[in-house]
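Read the structure below first, then the notes.
Quick caveat, the model's predicted, so the values are computed rather than measured.
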2 protein chains.
Amino acid sequence: MNSTCATSVGTAEGEARQRTLVSLFTNKWSALAIGELEDGPLRFGALQRRLRGVSPKVLTHTLRRLEEFGLVNRVVYPDIPLRVEYSLTEIGRGASGLLRDLRNWVDENMDEMLRASDR
Amino acid sequence: MNSTCATSVGTAEGEARQRTLVSLFTNKWSALAIGELEDGPLRFGALQRRLRGVSPKVLTHTLRRLEEFGLVNRVVYPDIPLRVEYSLTEIGRGASGLLRDLRNWVDENMDEMLRASDR
DNA sequence: CGGAATCCCGGTGGATACTG
DNA sequence: CAGTATCCACCGGGATTCCG
């Protein structure tokens with residue numbers, strides 16, 4: 001069923017890679033960081049302030065991972081003091097749209113799901 | 001915690017609840033289990049066989065969680081030996097559609113993302 | 001057969017202090 | 001300011017065994 005390309009959603013490694021990629025924005029902060037960047041570039045500090053509760057280590061790791069897979073750009077301005085700006089790439093914007101869909105769906109069905117979990 | 005609908009991605013508890021709900025199908029097996037149930041009800045054993053590599057404990061936990069939030073039905077037939085069937089609820093089918101979108105998007109952009117991560 | 005109980009491990013995420 | 005370096009807590013997940 002697989003071979004040449006896309007819909008390789010049946011194979012073992014295919015699943016694994018999908019999980020890897022999907023886990024890119026399911027690890028607590030990635031999706032939120034992408035969301036924050038939707039309106040434009042942000043500096044590290046600004047990002048950290050908006051995502052209240054994230055430690056520098058984790059935020060760094062999150063952003064580096066997103067950068068690694070081409071979802072965000074990281075630009076360093078050698079100013080004093082240092083300035084680093086993060087922004088969405090083209091594909092990152094695509095992901096952000098998808099994440100918005102996810103959030104919207106959750107929003108719409110949140111009540112029903114929480115009601116179910118309450119019983 | 002009002003939430004002006006869709007883009008209520010700014011509040012603290014809103015984020016938390018969304019994460020909770022989103023994490024429902026991002027924890028490695030939930031999405032795959034839902035995917036397997038798309039074609040119809042399955043027994044515990046069948047499900048475990050299809051999702052090769054999942055331990056009974058984890059599968060149980062996964063299914064219970066999905067059931068708790070109203071995404072799957074769990075029906076026990078008091079046969080001997082015991083028989084338990086899992087199936088998607090209405091809202092679970094909605095989730096499965098969403099997950100398919102996610103998988104499709106990842107499929108389409110997988111190459112580009114992996115290429116980026118390769119440099 | 002469908003789990004529950006137990007033990008274990010690795011990774012993610014967090015707090016804090018420190019550096020270029 | 002933008003991180004790095006530690007250290008640590010907490011699950012998710014896995015393997016195995018036992019129970020109704």
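Neither OP1 nor OP2 of D:dG12 sits under 4.0 Å from any side-chain N or O of B:Trp29.
No side-chain heavy atom of B:Ser87 sits under 4.5 Å from any side-chain heavy atom of B:Val72. Annotation: side chain of B:Leu102 is not in contact with side chain of B:Leu98 (no heavy-atom distance under 4.5 Å). Looking at B:Leu59 and B:Trp29, their side chains never come closer than 4.5 Å, going by heavy atoms from C-beta outward.
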Check your understanding: Would B:Arg115 and B:Glu112 count as a salt bridge (charged side-chain N to carboxylate O under 4.0 Å, His left out) if you check the C-alpha gap in whole Å, the side-chain angles of each, and the deciding distance to 0.1 Å?
Key -> CA-CA 5 Å; B:Arg115 212 173 329 118; B:Glu112 194 169 339; 5.4 Å; no
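Closest to the side chain of A:Pro81, from the set D:dC1, C:dA17, D:dT16, is D:dC1. For B:Arg43, taking side-chain heavy atoms from C-beta onward, the closest of the listed nucleotides C:dC1, D:dA2, D:dG14 is C:dC1. Which of D:dG12, D:dG3, C:dG3 sits closest to the side chain of B:Asn27 comes down to D:dG12. The side chain of B:Arg74 has C:dG3 as its nearest neighbour among D:dG3, C:dG2, C:dG3.
Of the residues in residues 57-66 of chain B, those lying under 4.0 Å from DNA chain C by heavy-atom distance are B:Lys57, B:Thr60, B:Arg64.
Of the residues B:Arg50, B:Arg49, B:Arg43, the one that meets the salt bridge (Lys or Arg N to Asp or Glu O under 4.0 Å) test with B:Glu36 is B:Arg50.
At whole-Å resolution of the value, CG in A:Leu82 and P in C:dG20 are 13 Å apart. Rounding to whole angstrom units, CZ of residue B:Arg83 and C1' of C:dC1 are separated by 12 Å. As rounded to whole Å, 15 Å separates atom P of C:dG2 from atom CD of B:Glu67. In this structure, A:Leu47 places its CG atom 14 Å from P of D:dC1, rounding to the nearest Å. Between A:Leu32 atom CG and C:dT12 atom C1' there is a gap of 15 Å when expressed in whole angstrom units. Regarding A:Ile80, its CD1 atom lies at a distance of 15 Å from the P atom of D:dG3, rounded to whole Å. The CZ atom of A:Arg52 sits 19 Å away from the P atom of C:dG13 (whole-angstrom rounding). Rounded to whole angstrom, the span from the CZ atom of B:Arg49 across to the C1' atom of C:dG2 amounts to 12 Å.
Residues B:Val76 and B:Leu42 fall within the same hydrophobic cluster, defined by Ile, Leu, Val, Met, Phe, Trp and Tyr side chains chained together at heavy-atom separations under 4.5 Å. No continuous path of ILVMFWY side-chain contacts below 4.5 Å connects A:Phe44 to A:Val75, so the two sit in separate hydrophobic clusters.
When each of B:Lys28 and A:Phe44 is assigned the nucleotide of DNA chain D bearing its nearest heavy atom, the one mapping closer to the 5' terminus is A:Phe44. Judged by closest nucleotide on DNA chain C, B:Gly45 is the one of A:Ser55 and B:Gly45 placed further toward the 5' end.
With respect to A:Arg83 and A:Glu85, a salt bridge is recorded, a charged nitrogen being found less than 4.0 Å from a carboxylate O. A:Glu38 has a carboxylate O that lies under 4.0 Å from a charged side-chain N of A:Arg100, or vice versa, which qualifies the two as a salt bridge.
For the pair A:Gly92 and A:Ile34, the tightest heavy-atom approach, listed with the atom from each and the gap, is O-CG2, 4.3 Å.
At the heavy-atom level, A:Tyr86 lies under 4.0 Å from the strands shown only through sugar-phosphate atoms.
Defining each end axis of the helix from C:dC1-D:dG20 to C:dG20-D:dC1 as the rotation carrying four pairs' C1' atoms onto the next four, with five pairs an end, the two axes are found to diverge by 40° to 10 degrees.
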